[in-house]
Amino acid sequence: MAHIRVKSDLAKYPFTKEAQKYIESLNLDIEDLASPEYSLVLDRGRERVVEALEKGYVSYRKDAYVELLSFPLARLFVESLDDEYLRRRYAVAESKRADDLLADEENDKLIHIASETFGWDIKKAPRRSVGGRFYDYTLNVVNYLAYAPYFHAKYWKLVNRFLDQGYVYLRKRDVARLMSEAIKWRLMEKKGKPPKLPPVLKEIIDRLRVKLETKKRDRGLDKGFGEVSRESFPPCISKMLSDTLAGRGISHHARFTLTSFLINIGMSVDEVVEIFSNVSDFDENLTRYQVEHIAGIRGGGTKYTPPTCDTLRTYGLCEKNEFCENVKHPLTYYRNSLNRRSRITRKKIVKETEEKQN
Amino acid sequence: MDTASFLMNLFKKYYSNNPAKIKAPSELQKREFGFMFFKHSAVIRHLGFEEDSQLRMFLMREAPSDVFYSAAYYTHPNMPKMQMKGWEGCDLIFDIDADHIETSCKSNHDKWRCQVCGMGGKGVKPERCPSCGGSKIEEVKWLCDVCLEAAKLETIKVVEDFLIPDLGIHEKEISICFSGHRGYHIHVESDSVKELSAQARREIIDYIKGVGLDPELHGLQEVGRERLIIGPDIKDKGWRGRIAKYVVKFVSELNENQIKSEERHVKKRLLVVLKEKQNILNYLTLHPPRWGALRKIDINLWRLIVERAVNMAKGEIDEPVTADIRRLIRLPTSLNGKTGFEVKPLSLNELDDFDPFRDSQVFKGQKTVYAIEVPPFRIGDETFGPYVDKKVELPLSAAVFLLCKGVAKIPNTDVAGIQNV
């Protein structure tokens with residue numbers, strides 16, 4: 001039985017086409033949700049967001065009706081709060097929930113969801129082994145490449161996959177993981193604010209906002225980068241910077257990376273131009289023009305961000321160290337590193353005051 | 001007449017006399033065009049054409065030295081800013097360039113010169129000038145049969161080993177062309193590749209180049225308490241089979257001469273491989289292969305062998321061309337201003353017998369030029385040069401080639417230009 005008809009299935013996978021159709025068929029109004037009979041749904045909707053914020057994971061509850069209806073509601077809360085950090089965190093948390101459920105799902109149902117909801121070209125793998133290994137599915141390489149590049153383990157690299165005639169051979173847990181990534185990206189799409197909400201919902205949103213702000217403050221996300229701290233630079237950027245300061249020229253890609261990094265952490269155009277003045281073929285006007293372009297002062301007005309770690313690796317600019325584990329972007333490294341340093345300093349201060357008091 | 005005017009007139013005549021040869025790309029209205037010219041150095045881009053005839057008219061009227069179009073499809077290709085164009089998708093392009101393939105002839109025919117201090121040398125240009133450290137280095141790259149043949153074999157390899165069997169791309173979705181200079185381009189046009197992101201394209205690049213390949217994930221591992229070594233079979237598909245096949249190829253071609261230039265510790269290990277050559281070839285061609293049957297070859301030595309095999313098996317493509325989803329690429333059927341050769345579209349079958357120095361020549365007639373410093377070269381069945389500071393009468397295609405390369409000029413006294421185009 002490939003189709004998803006049972007309500008418990010819809011509740012497990014509220015992102016599917018079928019679930020969405022079912023919800024639409026109920027013809028609910030936002031105002032309806034404010035009535036007392038939906039209080040369980042409201043609670044669960046709020047809880048989904050809280051779970052995402054606090055645990056980074058949304059649990060699975062057995063009450064099908066509540067579980068299903070609370071999904072669009074939670075999304076409504078997130079969209080109303082309109083915060084990038086929350087949007088991402090919620091998307092990740094929901095995708096983890098889906099990942100766990102999908103990994104235990106029947107083959108036919110998995111294929112059904114993948115092809116109906118995501119439009120993937122996926123089939124059951126032939127029942128023969130490839131060098132002693134059995135696979136569950138074959139997935140069109142184009143669908144595979146829509147999400148697999150976001151995973152950074154070498155296991156996910158296409159070059160390490162069994163690929164034949166345009167199809168990647170996968171196991172069930174691989175497909176579940178890819179689908180959960182697809183869900184994450186769907187949830188990260190901005191939907192825009194809903195028009196007018198009844199007071200009950202507004203109140204919930206206000207309470208969630210307080211929680212969100214506290215969480216962000218704890219993680220040090222509420223302010224910019226503060227003063228530039230060279231000790232906190234990722235190793236790739238440090239190398240580009242020291243090469244430049246030493247008057248060694250660096251490649252075009254490296255120059256772009258360094259400039260966009262420095263601009264993004266709050267350095268001024270003048271300061272960045274000054275750094276490049278050490279290079280032998282320095283041309284102040286040209287450099288200034290390029291730096292201003294990257295800073296978004298010229299050209300299309302786009303402020304550029306540095307390339308991702310993946311891209312830097314492709315261009316041979318990666319200088320990985322132990323803190324780079326799980327980091328996908330140089331700016332993330334910088335932020336983590338700043339936080340790490342401020343934690344250490346805070347601890348030191350606490351310790352010193354304690355010592356003084358003693 | 002100066003060189004630029006001479007070449008421009010020739011290109012103009014070519015485009016005027018052969019309008020039917022110019023093939024506009026598919027979905028012309030969604031493509032951005034870019035051009036370079038003989039008389040100024042600016043690149044004109046963000047142009048769009050509604051109909052084939054407009055493009056042909058433009059070429060006749062302006063006679064650009066080089067013609068490019070976007071592999072991407074845009075809603076508004078002629079908008080001046082990239083973010084206004086509305087990106088809709090992009091063909092999958094591969095560039096196989098002799099620049100990225102090691103050939104021994106380069107040190108003979110390629111030259112570079114530092115524009116800051118004037119120092120120069122032969123071979124591939126250094127990233128920085130060894131004398132002054134400057135990065136403005138001009139280079140003159142020559143074309144020869146060896147380089148272009150290497151690029152052609154690489155092109156066939158990319159198509160026949162990777163695109164068709166592994167990536168499942170249909171032959172009719174693939175078009176190949178000679179770039180008119182040092183290599184070949186492969187265009188893949190299909191609805192499914194159109195939507196590939198830059199990241200996805202980078203994964204395809206890494207797949208073809210074998211970047212990040214872990215042999216263990218292709219079955220080379222020790223199993224069980226006995227730590228028996230197992231590995232892929234030459235009959236396997238994808239990289240598995242390729243690894244096995246190329247290990248056999250690497251080992252069968254391995255000889256003492258080759259090992260000599262290796263580092264000491266590698267040399268020692270490769271000598272073991274050489275000694276076991278026949279055994280390796282016997283065991284690995286069994287089905288299933290017996291990777292574990294050779295006591296002298298442990299898993300680490302196998303990994304070294306596989307690394308070498310992957311190096312032989314990979315396809316040498318130029319990354320940025322494939323990864324950039326907004327790039328402009330030469331228009332097949334146009335002329336290449338670096339040589340005057342045609343950017344020649346080729347089927348996979350035609351590629352086998354294609355001779356760029358014969359089959360992409362479009363000019364007929366004779367022309368006397370003043371050759372400044374010209375390495376030997378061939379056009380059609382004739383070989384020319386080397387010439388140093390010499391006035392020579394050449395077939396027009398050969399003369400155009402030297403003028404485009406900037407290694408010859410129109411003699412000052414010359415007034416009679418082009419009669420026999």
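All of these numbers come straight from a predicted model, not from anything done at the bench. Sequence lines set the chain letters: A, B, ... in the order given, protein chains first and strands last, and positions in each chain run from 1.
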_Heavy atoms of other groups near A:E274 CD, more than 12 under 6.0 Å_ = no
_Just so I understand: if I count every heavy-atom pair under 4.5 Å between each of B:G212, B:S197, B:G238, B:P320 and chain A, which residue has the most?_
B:G212
_So, taking the atom named CG in B:L217 and the one named NZ in A:K157, what distance separates them when rounded to the nearest 0.5 Å?_
12.0 Å
*Atom group of B:E216 that falls short of 4.5 Å from chain A, counting heavy atoms*: backbone
*Can you tell me if CZ on B:R227 sees more than 12 non-hydrogen neighbours from other groups inside 6.0 Å?*
no
_Reported CG-to-CD1 distance for the pair A:L158 and B:I208, which is rounded to 0.5 angstrom_ = 9.5 Å
*What part of B:L196 gets closer than 4.5 Å to chain A, counting heavy atoms only: side chain, backbone, both or neither?*
side chain
*asked:* Distance check, rounded to the nearest 0.5 Å: B:K237 atom NZ versus A:Y167 atom OH?
replied: 14.0 Å
_Residue among B:D206, B:I204, B:V193 with most heavy-atom pairs under 4.5 Å to chain A_ = B:D206
*Examine whether an atom of A:V168 lies under 4.5 Å from a heavy atom of chain B, and if so say whether it belongs to the side chain, the backbone or both; otherwise answer neither.*
neither
*With a 4.5 angstrom heavy-atom cut-off, which part of A:Y155 approaches chain B: side chain, backbone, both or neither?*
both
*For A:R88, look at atom CZ and say whether over 12 heavy atoms of other residues, nucleotides or ligands are found less than 6.0 Å away.*
no
_Separation of A:L145 CG from B:Y207 OH (nearest 0.5 Å)_ = 11.0 Å
*asked:* With a 6.0 Å cut-off (strictly less than), is the heavy-atom count around NZ of B:K209, excluding the residue itself, greater than 12?
replied: yes
_Enclosure of B:N300 CG (heavy-atom neighbours >12, cutoff 6.0 Å)_ = yes
*Nearest non-hydrogen partners of A:F162 and B:R240, listed with the distance*: CD1-CD, 3.6 Å
*Are A:D310 and B:R202 close enough for a salt bridge, meaning some N to O gap below 4.0 Å?*
no
*Is the CD atom of B:E27 crowded by more than 12 outside heavy atoms at less than 6.0 Å?*
yes
_B:D233 versus chain A, the contacting section by heavy-atom distance below 4.5 Å_ = neither
_Any side-chain heavy-atom pair of B:Q199 and A:Y150 under 4.5 Å_ = yes
_Gap separating the CH2 atom of B:W239 from the CG atom of A:N160, nearest 0.5 angstrom_ = 10.5 Å
*asked:* With heavy-atom distances below 4.5 Å as the criterion, would you say the side chains of B:L167 and A:V141 are in contact?
replied: yes
_A:R133 portion near chain B, given a 4.5 angstrom heavy-atom threshold_ = side chain
